Every structure is written in structure tokens, then in C-alpha cells.
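What follows is a set of notes on a single structure, which appears directly below.
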Number of protein chains: 2
Amino acid sequence: MQERNTKQKQVIARLILEAGHPVSVQEILEVGRGHMSRLGIATVYRTIKRLLDAGELQAVVIPGDVVRYEAVMPHHHHFKCSRCDRVYDLDGCVKELKSMVPKGFKVENHELTFYGCCRSCA
Amino acid sequence: MQERNTKQKQVIARLILEAGHPVSVQEILEVGRGHMSRLGIATVYRTIKRLLDAGELQAVVIPGDVVRYEAVMPHHHHFKCSRCDRVYDLDGCVKELKSMVPKGFKVENHELTFYGCCRSCA
DNA sequence: TCATTATTGATAATGATCGATCAATATTAT
DNA sequence: ATAATATTGATCGATCATTATCAATAATGA
């Protein structure tokens, strides 16, 4: 018998997909308990780990903040609202970034996070 | 009697200034012990806290990495080498960044980190 | 339905960072 | 130099996020 399809996995996976923004472990636990009141924190961690290994999920790390997770999507960056603490996805990127890196350094990846006040909080 | 000028504070402050790149607590402890063999970890934390509060130091947070510290300097970003784990300062920024943020969002700050292979490791 | 076993939930354990404690030490004003 | 006391170093403890443990539960194949 291989991997089983449990209610917990379904709830957690769907929840992250439908969130529309990166979610933290605590958010997943709280929202998830709205569907399954006895959902355990260990199951949340285990499911996240599975989805990460399967390449369906990616971590969103905001410095000095808890890790969040979102469905894998094309290259993009994030905006964190300092008022409501929500994290938004921003589309695209700008090619001029590369000009900041001196000769001899090879860039393989980059992360960019904006901080400020979001539309809802303005 | 106010704040005292101790050897520990001098060593730690000078060490960070002269490092030329952001340093971690462990680096400070190790390099510092080269000058004062009995330097304690608590003193390193205390001195960092003092310098942060005094506005002379700023934290450099690389996602998923230990916190580093560097002397306060003009707006700039960082490059982390995935080979040697060193963090480099990059000068300047690009104004095109703002175009990535949708209308209604007010940017107050931003952080940008490049990852890849540095000149020495290439 | 039933047996097998992957998975779960509760919680203990871990690991890491950093603050608190306190006797010993070193700096400063006199 | 000396007294007053800020600071230190060693260590313990608090606080997190995350993992390990294990009996109980539930999904699957027969």
C-alpha cells in the first residue's frame, strides 16, 4: 500500500491553493480546524513537508518572520504589509536588477521583498 | 557613572567595522577570542544589542540563515555566495523596482538578496 | 467485511537563539 | 589608591519552530 488519500491532506492542500497568498503554519492550522476541528499541528508540518518534496509547494521566507508557503508559480516577488502582516504576491520582475551585481559574481537566484502599507490598510 | 568603555566593547565594535562584510554572532565570538580569549557569548549579544539601540549597527537577515550584523551605511543590498556562505555588500539600487508594486500599495522599504557564486569561488 | 498498515493527534523532545542571573572583575570618579 | 558600581563570563532558563514518539484511528486491497 502506498500513500493514502486522507481528509487532512485534502483539506490542507486545498486550503493553501485557495488562499491566494502565502500562508503560515498557524494560519493553515487555524483555517484547517474550521474544516476538521481535531486537526493536529504535526499533521500540518508533515503535509507541508510532503508537498514541498513533491514540488507542489514553495516556502516564502520574509526576514524576521515565520515561514509561509504557497503553491508553486512562475518567478515573482512579495509585498508584506506592516499593518496587517499579510503577504501579497507581485507579478513579474525587472531585468535591471542584474546591473547591481559586480563582474565575476554569478547570480543563480534572487529574492525581493517590499514592505509598506497595502491597499486595504491605506 | 554612566556607560563604561571596556576592552570587550572596543574589540567587538572594531571587529565589526573592519570586517568589511556582515558578520554573525559566532564569527564575532571567534574572531573576538583571537583578541580576548575569555570573551563570553553573552557579552557579544549584549554589545550587539547596545550598538543596535545606539543606531550604529544594523541587522542583515538572509532567509533561512543566521542573522548577521554590519555598520550602518547607505541604502544597499546583499549577495550571498552559496559555496562559501559569505555575504557581500552591493552598492546602490535600481529605480525600476517601484514599477513592480501595484497602485494603492505604499512602499516604505525593500530588501533584495542575490544568491549564487562569488568571484573568489568562481 | 476484515486485516494490514499508512496516517493521525497529542505531546515530549529537540535545537537554536537570546535573555536572566549572579558572583567575580575591571573601569571610573574622587 | 580606593570605593562605588557598570560590566563581564559562565551558565541556566525562556521561547520559539520543528521533529520524534507511539498508541489509536482510518484508508485501502483482498
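From a predicted model like this one, the values you see are computed outputs, not experimental measurements. Below, chain A is the first sequence line, B the second, and so on; all start at residue 1.
Between T43(A) and the phosphate of dG9(C), there is a side-chain N or O to OP1/OP2 separation shorter than 4.0 Å.
Legend: residues meeting side chain to side chain donor-acceptor pair (under 3.5 Å) with E70(A), ordered by chain and number and at least two apart, are H76(A), H78(A).
Boundaries of the chain A contact region on DNA chain D are dA17(D) to dT28(D), first to last in 5' to 3' order (nucleotide atom under 4.0 Å from a heavy atom).
Counting only heavy atoms from C-beta outward, the side chains of Y115(B) and K80(B) approach each other to under 4.5 Å. Residues C118(B) and C84(B) form a side-chain contact, since some pair of their non-hydrogen atoms from C-beta on lies under 4.5 Å apart. A heavy-atom distance below 4.5 Å is found between the side chains of Q8(B) and L39(B). Between H110(B) and C93(B), some side-chain heavy-atom pair lies under the 4.5 Å cut-off.
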Side-chain atoms of residues 48-62 of chain B: list all donor-acceptor pairs with protein atoms under 3.5 Å, sequence neighbours left out, distances to 0.1 Å.
none

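R119(B) places a side-chain N or O within donor-acceptor distance of the main-chain N or O of K103(A), the cut-off being under 3.5 Å. Of the possible polar contacts, one joining the T47(B) side chain to the T43(B) backbone as a donor-acceptor pair under 3.5 Å is found.
Note: the hydrophobic cluster containing V72(A) does not contain V87(A) (ILVMFWY, side chain heavy atoms under 4.5 Å, direct or indirect links).
In this entry the distance linking CG of N5(A) with C1' of dA6(C) reads 12 Å, nearest Å. Separating the CD atom of Q8(A) from the P atom of dA6(C) is a distance of 16 Å, rounded to the nearest angstrom. Atom CD in Q2(B) sits about 12 Å away from atom P in dT30(C), given to the nearest Å. Between the CD atom of Q10(B) and the C1' atom of dT27(C) there is a distance of 11 Å, given to the nearest Å. The nearest whole Å value for the distance from the CZ atom in R46(A) to the P atom in dA10(C) is 11 Å.
With the end axes of the helix from dT1(C)-dA30(D) to dT30(C)-dA1(D) each set by five pairs, the angle from one to the other reads 40° at 10° resolution.
Listed in residue order, the members of residues 32-39 of chain B having a heavy atom less than 4.0 Å from DNA chain D are R38(B), L39(B).
Here F79(B) sits in one hydrophobic cluster together with F79(A), Y88(A), L90(A), V94(A), L97(A), M100(A), V101(A), F105(A), V107(A), L112(A), F114(A), Y88(B), L90(B), V94(B), L97(B), M100(B), V101(B), F105(B), V107(B), L112(B), F114(B); the rule is ILVMFWY side chains under 4.5 Å apart, joined directly or through other members.
Between I41(B) and E3(B), the residue anchored closer to the 5' end of DNA chain D is E3(B), taking for each the nucleotide with the nearest heavy atom. Between K49(B) and T6(B), it is K49(B) whose nearest contact on DNA chain C lies nearer the 5' terminus.
Residues C121(A) and R83(A) share a closest heavy-atom pair of SG-CB, 3.8 Å.
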